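We count residues from 1, following the sequence as given. Quick caveat, the model's predicted, so the values are computed rather than measured.
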Amino acid sequence: MIDPRRLVVLAAVALLALGTGMAVASPAKPKRPAVATAAPPPPAPLAEPLPPPKIYLFRGAMGPIFSTGMDRLGEKLTKAGFSADVYEFTICRWVGDRAISSYKESPAPIVLIGHSMGGLCSVVISEMAAKENIPISLVIAIDSAHATGDVPLNVERFINIFMSDSVLGGGDVVAVPGYRGHYASYDLKENSRVTHINIEKSDDIHRQIIEMVTQLPRIPAQSQADAVPLRYLVPANTPVELWDSGVRVPVRAGDTMESIAAARRVPLWTLAQSNSLAENATLTPGQSIIVPRHLTPPEPVAAMAAPAPPSQGRK
């Protein structure tokens, strides 16, 4: 007779052997494949700055006598490293043909700056370039002649500095319908120190023009839909700051005309004129306010004093 305890031991040994065999026969569980980490996309290449602009300056009638400020501005631009040439307005179309040919051979931003009849010439050349689908980066008209035409659509930025009561100049230049570039107009008729024959000689205006031209190749592309035209009657004895357009800013709770002007570093009178509001007008949250916008960040202090008047008095 078999001892029951021996049967228990044999059964345990059999079970142990069976479990070991099953473990050997069973395939190992596959390991989870390592999750491949996606390589980050390569950084987008930085946009290369545009070539330096080519600058064409134009004197008005009897330019060597009455538009000498254009020569001084041309010298300053050349000293700053730019290609800047000064011409008589009488050869306007010839210069325009040369500028167009130069752009086709080697595209570079075009800047046109003119005083009196030279301002008219700047718009004429812009119209010539428009027919060739050539953009004009910046046009600055300084007390243009009344006969100056409208700003064409191919002009990206237009600045008009004039005196509406000037007999020799006084061109209140506007843009053609549908214009969506950057536009700013400054009427200096209330500044008794400025005349038609010294308005183009302001060292402070020269400095601002050079700063704008310096920044042109480096400014980011901006949505033209955001540009709001500016038209100012500059108060008497007020420094002239050359904003290139306006931008709409939403009013937040607690904002006032004064606080927005301080935050944006612009004179309070500009907000009042841009929005047809009183300087102490009450604002509503969510309301849209037009604020003048600099092509480049403004300096902490702007000192755009007008030049001293000539001895013969205002003309």
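If you run side-chain contact (heavy atoms from CB on, under 4.5 Å) between Phe58 and each of Thr90, Ile142, Ile125, only Ile125 comes through.
Lys131 is linked by a side chain to side chain contact (heavy atoms under 4.5 Å, CB included) to nothing, counting only residues two or more places apart in sequence or in another chain. Taking Arg72 as the reference, Asp203 meet the salt bridge (Lys or Arg N to Asp or Glu O under 4.0 Å) condition, with sequence neighbours excluded. Every residue meeting the side chain to side chain contact (heavy atoms under 4.5 Å, CB included) condition with Ala261, not counting sequence neighbours, appears here in chain and number order: Val266, Leu268, Leu271. For Val249, the side chain to side chain contact (heavy atoms under 4.5 Å, CB included) partners two or more places apart in sequence, or in a different chain, are Val247, Arg264, Val291. Partners of Glu127 by side chain to side chain donor-acceptor pair (under 3.5 Å), not counting sequence neighbours: none found. Considering only residues two or more places apart in sequence or on other chains, Arg98 meets the salt bridge (Lys or Arg N to Asp or Glu O under 4.0 Å) condition with none of them. Contacts of Phe82 classified as ring pair (Phe, Tyr, Trp, His ring centres under 6.0 Å), with partners at least two apart in sequence or in another chain: none. Here Thr78 pairs with Ala84 under the side chain to side chain contact (heavy atoms under 4.5 Å, CB included) rule; sequence neighbours left out. Remark: Lys79 engages no residue in a salt bridge (Lys or Arg N to Asp or Glu O under 4.0 Å) (not counting sequence neighbours). Under the salt bridge (Lys or Arg N to Asp or Glu O under 4.0 Å) criterion, Asp150 pairs with no residue, sequence neighbours left out.
In this structure, Asp85 contributes its side chain and Tyr56 its backbone to no donor-acceptor pair below 3.5 Å. Counting only distance, with no hydrogens or angles, the side chain of Asn191 and the backbone of Leu188 share no donor-acceptor pair below 3.5 Å. Remark: side-chain polar atoms of Ser101 are paired, donor with acceptor, to backbone N or O of Asp97 under 3.5 angstrom. Asp244 contributes no side-chain N or O that, together with a main-chain N or O of His182, makes up a donor-acceptor pair within less than 3.5 Å. Side-chain atoms of Asp143 never come within 3.5 Å of backbone atoms of Ser116 as a donor-acceptor pair (strictly under, hydrogens ignored). For the pair Thr238 (side chain) and Pro235 (backbone), a donor-acceptor distance under 3.5 Å is present. Side chain of Ser122 to main chain of Ala141: no donor-acceptor pair is present (N/O by atom type, distance under 3.5 Å, no hydrogens or angles). A side-chain donor-acceptor contact under 3.5 Å links Thr148 to the backbone of Ala145.
The side-chain hydrogen bond (donor to acceptor under 3.5 Å, both in side chains) contacts involving residues 273-289 comprise Tyr232-Ser274, where partners must be two or more places apart or lie in separate chains. Here ring pair (Phe, Tyr, Trp, His ring centres under 6.0 Å) pairs that include residues 106-127, with residues two or more places apart or in two chains, are His115-His196.
For Lys189 and Asp165, the salt-bridge test fails: no basic side-chain N is under 4.0 Å from an acidic carboxylate O. A salt bridge is defined here as a Lys NZ or Arg NE, NH1 or NH2 lying under 4.0 Å from an Asp or Glu carboxylate O, and Arg231 with Asp172 meets this definition.
Cluster annotation: Phe158 and Leu233 are assigned to distinct hydrophobic clusters (Ile/Leu/Val/Met/Phe/Trp/Tyr, side-chain heavy-atom contacts under 4.5 Å, transitive).
Leu168 contributes atom CG, which lies 8.5 Å from atom NE2 of His146 (distance to the nearest 0.5 angstrom). A distance of 11.0 Å separates CD1 in Ile159 from OH in Tyr183, rounded to the nearest 0.5 Å. Atom-to-atom distance recorded for Ile209:CD1 and Leu138:CG is 8.0 Å, nearest 0.5 angstrom. The distance from atom CD1 of Ile290 to atom OG of Ser245, rounded to the nearest 0.5 Å, is 10.5 Å. Atoms CE and CD, from Met70 and Glu75 in turn, are 12.0 Å apart once rounded to the nearest 0.5 Å.
Residues Ile161 and Leu242 have side chains in contact (heavy-atom distance under 4.5 Å, counting atoms from C-beta outward). Contact of the Leu283 side chain with the Leu277 side chain is registered, since non-hydrogen atoms from C-beta on lie closer than 4.5 Å. Ile205 places none of its side-chain heavy atoms less than 4.5 Å from the side chain of Glu200.
Shown here for Ser126 and Pro152, the closest heavy-atom pair between the two residues is CB-CG, 3.7 Å.
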